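Comments concern the structure below.
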Amino acid sequence: MKDRDPRRIDPHIVEPSIIGAASVAPRRDGNLIPDPRLEMLSGIADKFSVRPQEIVHYVKPDEELSGHAIGGSESLVLFVTPPNEEMRVRKIWSDALVSVKWDPDVKGVMAPPLKKAQMQIDYLNGLPDEAKPYFPEILDQSERTFEKQTPDGETVTMREITADQSYIEGEEVSTFVQDNQPQPETVAHIHREILRCLREKIHPHRETEPTEPTVEVSYLNKIADRLEISRETAPNTFTPLTTSDYIWIDGERYRNIPQLLDAFRDPDVLDVLEPRSHSLVMGDTNTENVKITKPEALITAMDEGNLDFTYDDLGIKFLDPRAIGFNSTGGEVVDDPMYDNKPVHNSLGNYDVIHGEHFTIDSMTTDEGEPHIKLPHDEEHPFKEPYRNMEQHFPYIMEGMGIDDPEFQQRDPNWLIRFAFVMGTHFAAMPPFHFKKDYDGTVPDDCQPQKRAIAVYCEGIKWLNIAHDMLSGDRKELFGIPVPAVPKTVFDRSDL
């Protein structure tokens with residue numbers, strides 16, 4: 001096990017001694033002096049395909065810039081410290097930073113990033129008092145409009161929302177896993193405790209019975225609408241990828257999204273997939289959004305080889321809540337608690353491999369109208385050992401959700417099918433947030449630059465096929481857990 005410093009507060013923090021001096025800024029006497037902020041912002045600016053000079057103004061002259069990140073909904077995240085104050089997290093959502101063109105008037109799951117920004121602010125401000133300790137606090141917020149010239153010379157008006165949040169010390173779970181290489185058993189216990197924290201501290205709030213069907217609005221429509229945006233953004237890449245009845249991924253043939261959506265919209269299938277209750281949800285619990293605020297406790301447990309630690313021992317906190325629920329947003333969010341199953345996205349769903357681009361896209365061809373994609377993982381990558389054979393630990397992880405509780409099984413008898421279904425819907429609807437753009441703002445319409453958007457879509461297809469096969473009776477178990485019996489009408493459907 002490599003040396004670790006439990007005092008390290010964030011993977012994005014950069015020591016001042018390593019900041020370069022290649023950039024310059026005017027001094028009062030007219031001479032030029034190095035501006036370390038520009039050099040420090042160059043990496044994150046490159047990821048947004050902008051110049052550092054276009055984002056340095058987000059740091060006030062008297063503030064210290066300590067680091068940066070990419071937040072949810074293509075937000076720019078800066079770690080800044082005002083004079084005589086604690087470090088804070090500054091999140092910027094700007095029309096100038098997003099890759100995909102969104103309809104500014106749409107609400108709900110198709111809301112554009114700037115609408116989501118205000119929803120997140122309202123979510124954090126409106127949390128029940130008992131849940132607030134598990135999230136950051138809004139310290140300040142502002143909004144502005146500005147003009148920018150497009151690549152074709154048109155001047156457009158853009159909006160921007162900035163929110164300062166309290167900084168939560170610690171390490172994001174994904175980063176901790178990457179840097180410290182815990183054993184798979186330890187990773188499984190971490191994921192179990194995250195799910196248990198959600199079940200005990202977040203989901204008990206705002207519990208209610210759904211007043212109308214959830215699946216169509218929260219899941220199926222979202223996939224259809226997000227993929228339509230993807231086809232508009234990169235038509236040559238995403239039209240053939242998402243419109244055929246079948247798709248080949250790494251040599252295996254799967255039902256593609258048109259066939260899957262038709263099957264899942266069958267009334268008997270919807271009855272199996274519908275949640276029996278709604279509650280407060282965090283909404284985006286992939287482990288990049290979960291922080292361990294007491295990493296030293298986990299390091300000690302790893303050194304001692306024990307799995308006795310709890311979410312309180314780790315100081316689990318949640319970042320970047322989705323703030324959109326079923327017919328609800330902001331401070332009134334409620335949704336299917338299964339929506340918070342995302343910690344296992346990072347391991348079982350390969351999200352950390354995809355997001356870190358530890359894979360290649362060897363080819364994307366079409367044969368007899370069916371796309372063929374090969375997405376081999378790198379032979380060596382930082383998540384290979386920690387996530388090795390994670391499926392063997394699936395039943396143990398899911399105990400954090402409460403599957404060993406008879407009351408849970410009675411309340412959600414189809415949870416295993418719904419788990420696979422929700423996993424698939426999350427991934428299949430992700431592509432718009434993973435497109436890459438060039439410096440002039442255009443999105444290259446080719447599989448190589450868009451390999452991450454393609455990969456999350458393909459991962460969604462795999463999981464939706466698992467759910468489909470459970471419903472049809474073709475799959476009897478998932479990672480050692482038997483598939484529950486479903487009504488005979490579901491098995492007998494000709495379209496399954």
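Basis for what follows: all heavy atoms, side chains included, without hydrogens, waters or symmetry-related copies. The model shown is predicted, which means the values in this text are computed figures rather than measured ones.
A parallel orientation is assigned to the rings of His381 and His358, their planes being inclined by less than 30° (bins at 30° and 60°). Using bins of under 30°, 30° to 60° and over 60° for the plane-to-plane angle, the ring pair Phe427/Tyr351 lands in the tilted bin.
Using modelled atom types, one side-chain atom of Asp340 and one backbone atom of Met282 make a donor-acceptor pair closer than 3.5 Å. At least one donor-acceptor pair closer than 3.5 Å links the side chain of Arg226 to the backbone N or O of Ala429. With hydrogens and angles disregarded, a donor-acceptor distance shorter than 3.5 Å links the side chain of His426 to the backbone of Tyr339.
Geometrically, Lys317 does not engage Phe135 in a cation-pi contact, judged by NZ or CZ lying under 6.0 Å from the ring centre and within 45° of the ring axis. Judged by the 6.0 Å and 45° rule, Arg88 forms no cation-pi pair with Tyr167.
Side-chain contact annotation: Asp336 with Thr214, donor-acceptor N/O pair under 3.5 Å absent.
Side-chain contact check for Glu391 versus Leu348: some heavy-atom pair is nearer than 4.5 Å.
The heavy-atom pair separating Ile373 from Leu241 by the smallest distance is CD1-CD1, 3.5 Å.
Using a cut-off of 4.0 Å between Lys/Arg side-chain N and Asp/Glu carboxylate O, Asp164 and Arg90 are scored as salt-bridged. Remark: Lys291 does not engage Glu171 in a salt bridge, criterion side-chain N to carboxylate O under 4.0 Å.
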